[in-house]
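Data first, discussion second: the structure below is written as structure tokens.
Nothing fancy with the numbering, it's 1 onward along the sequence.
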Amino acid sequence: MAIVLPILRQVAPIRSVLDAGQLAELARQALVAEVELTPKPGLVDRRGAGAHSDLSLDLMRQSAAAIAPYFEAMGDSAQSMPFDRGLRTEVAAIGRAAESAMLQATNGSNAHKGAIWILGLLVTAASRGIDLNPAAIAQGAAFLARLPDRAQPQLLSHGEMVRARYGATGARGEAFAGFPHVLHVGLPTLRAERNRARTETNSRLWALLNIMARLEDTCVLYRGGAEGLAIVQKGASDALLAGGPGSVAGELAMLRLDQELLIRNISPGGTADLLAATLFLDALEQGQNAIEDNSLSEEVSYGTD
């Protein structure tokens with residue numbers, strides 16, 4: 001790390017290839033593309049609210065729109081401030097304001113708290129414009145995440161309760177570690193399945209299930225404990241081994257997992273946030289100015305009758 005720090009801690013503003021507004025719009029589109037992706041076990045999608053009683057597709061869209069201006073503010077700060085503790089403090093304050101905007105837009109429901117942290121860091125790092133390679137962006141985001149936020153409220157969040165009980169580090173740990181489930185699971189799976197000529201919807205579902213099968217999802221642990229996490233991870237693995245999205249057996253396995261999660265009131269929200277991060281970094285890597293939602297034009301295999 002001693003070699004990296006001088007590179008990351010820039011003393012002068014740097015202009016990104018994309019401006020902060022464009023990056024914020026990509027982040028919003030990533031969130032919308034994630035929620036629109038159908039079918040997703042236990043999660044909000046075009047079929048319904050999943051295992052949530054307080055969220056819907058429309059609320060998730062409204063939340064994404066409400067927090068997008070705050071992503072832009074984070075990017076603007078990154079382009080005008082040194083990449084140091086001062087920026088960390090500024091971005092954290094913007095993130096807390098984004099949470100308030102989200103809660104107002106959703107009538108108090110937590111639609112995107114984890115995504116604000118994850119995508120906020122990635123937008124901030126990408127706004128520096130040094131390198132839009134996913135690994136470089138993740139490295140910058142991880143560096144920023146590990147800097148102390150002295151203004152952080154001392155509140156006992158769901159994530160902290162799960163961390164204390166199970167040792168799972170959640171979105172914070174994912175960022176500190178450089179987003180391994182995005183760089184080493186989500187993105188490689190997305191590329192591989194596209195190369196196998198799968199539809200974009202099925203490629204994204206493969207990425208989702210691969211993340212789900214490996215992630216210690218604190219949203220799952222909070223709702224379902226260790227038993228719930230084991231069910232989610234095994235169910236996702238079983239669906240992939242059965243042939244995954246795009247195969248009859250794989251989609252039947254996804255349906256069984258979905259039904260089990262609805263019964264148990266378990267929603268893999270951490271996985272959903274990391275898929276959105278995967279789609280965001282993928283768009284930057286591909287040089288895309290927009291993230292297309294192909295779900296309406298591609299066949300959905302179950303749960304739509």
Side-chain angles (χ1 to χ4, degrees), residues 29-47 50-51 114-115 118-119 122 134-135 138 174 179-217 219-220 229-261 266-286 288 291-304:
Q29 290 176 13
L31 292 173
V32 171
E34 179 280 312
V35 75
E36 293 276 4
L37 183 65
T38 303
K40 300 190 302 291
L43 291 161
V44 178
D45 59 22
R46 289 192 290 107
R47 299 169 302 149
I118 291 168
L119 282 170
L122 293 174
E174 182 76 14
F179 301 93
H181 289 87
V182 176
L183 293 184
H184 305 307
V185 182
L187 283 168
T189 302
L190 194 60
R191 297 175 191 130
E193 300 312 315
R194 286 171 177 162
N195 288 337
R196 292 186 175 97
R198 297 194 194 277
T199 66
E200 183 63 17
T201 291
N202 283 336
S203 297
R204 293 175 184 182
L205 287 171
W206 271 83
L208 178 88
L209 288 176
N210 269 282
I211 295 170
M212 194 180 294
R214 293 164 172 81
L215 182 68
E216 287 189 334
D217 193 322
C219 295
V220 173
L229 180 63
I231 288 169
V232 168
Q233 292 180 331
K234 184 177 186 302
S237 295
D238 287 348
L240 292 168
L241 289 172
S247 73
V248 173
E251 289 170 359
L252 286 174
M254 289 173 66
L255 175 58
R256 289 193 293 271
L257 176 59
D258 185 52
Q259 292 172 336
E260 183 71 18
L261 298 189
I266 293 174
S267 179
T271 297
D273 292 340
L274 293 181
L275 180 65
T278 297
L279 297 177
F280 174 74
L281 290 180
D282 172 67
L284 292 179
E285 183 179 44
Q286 300 295 325
Q288 297 172 346
I291 298 173
E292 293 184 3
D293 172 23
N294 297 321
S295 59
L296 291 174
S297 60
E298 294 177 0
E299 182 180 356
V300 176
S301 300
Y302 71 76
T304 57

Between the side chain of [X] and the main-chain N/O of [Y], is any donor-acceptor distance below 3.5 Å?
X: K40; Y: E34; result: yes
X: Q29; Y: E292; result: no
X: T38; Y: E36; result: yes

Considering all heavy atoms, the nearest [X]-[Y] contact:
X: S267; Y: C219; answer: O-CB, 3.6 Å
X: A207; Y: G186; answer: CB-O, 3.7 Å
X: A276; Y: L31; answer: CB-CD2, 3.9 Å
X: V182; Y: E174; answer: N-OE2, 3.8 Å
X: T271; Y: D217; answer: N-OD2, 2.9 Å
X: L205; Y: P39; answer: CD2-O, 3.1 Å

Residues which pass side-chain hydrogen bond (donor to acceptor under 3.5 Å, both in side chains) with E285, listed by chain and number, not counting sequence neighbours: R191

Under the side chain to side chain contact (heavy atoms under 4.5 Å, CB included) rule, what do L37 and D45 come out as? Steps first, then yes or no, please. CA-CA 6 Å; L37 183 65; D45 59 22; over 6 Å; no

Nearest-0.5 Å distance, [atom1] of residue [X] to [atom2] of residue [Y]:
X: L241; Y: K234; atom1: CG; atom2: NZ; answer: 9.0 Å
X: L208; Y: M254; atom1: CG; atom2: CE; answer: 7.5 Å
X: D273; Y: I118; atom1: CG; atom2: CD1; answer: 5.0 Å
X: I291; Y: F280; atom1: CD1; atom2: CZ; answer: 7.5 Å
X: L209; Y: L257; atom1: CG; atom2: CG; answer: 8.0 Å
X: L284; Y: L279; atom1: CG; atom2: CG; answer: 11.0 Å

Would you indicate whether the side-chain heavy atoms of P268 and L261 approach each other to under 4.5 Å? yes

So, do T278 and I211 sit near enough that their side-chain heavy atoms are less than 4.5 Å apart? yes

With a 4.0 Å cut-off, would you call R256 and E260 a salt bridge? no

Using a strict 4.0 Å threshold on nitrogen-to-oxygen distance, state whether D282 and R194 make a salt bridge. yes

When you look at F179 and L122, which way does the side chain to side chain contact (heavy atoms under 4.5 Å, CB included) test go after all the steps? CA-CA 10 Å; F179 301 93; L122 293 174; 3.9 Å; yes

Yes or no on side chain to side chain contact (heavy atoms under 4.5 Å, CB included) for I231 and I266, after CA distance, side-chain angles and deciding distance? CA-CA 10 Å; I231 288 169; I266 293 174; 5.7 Å; no

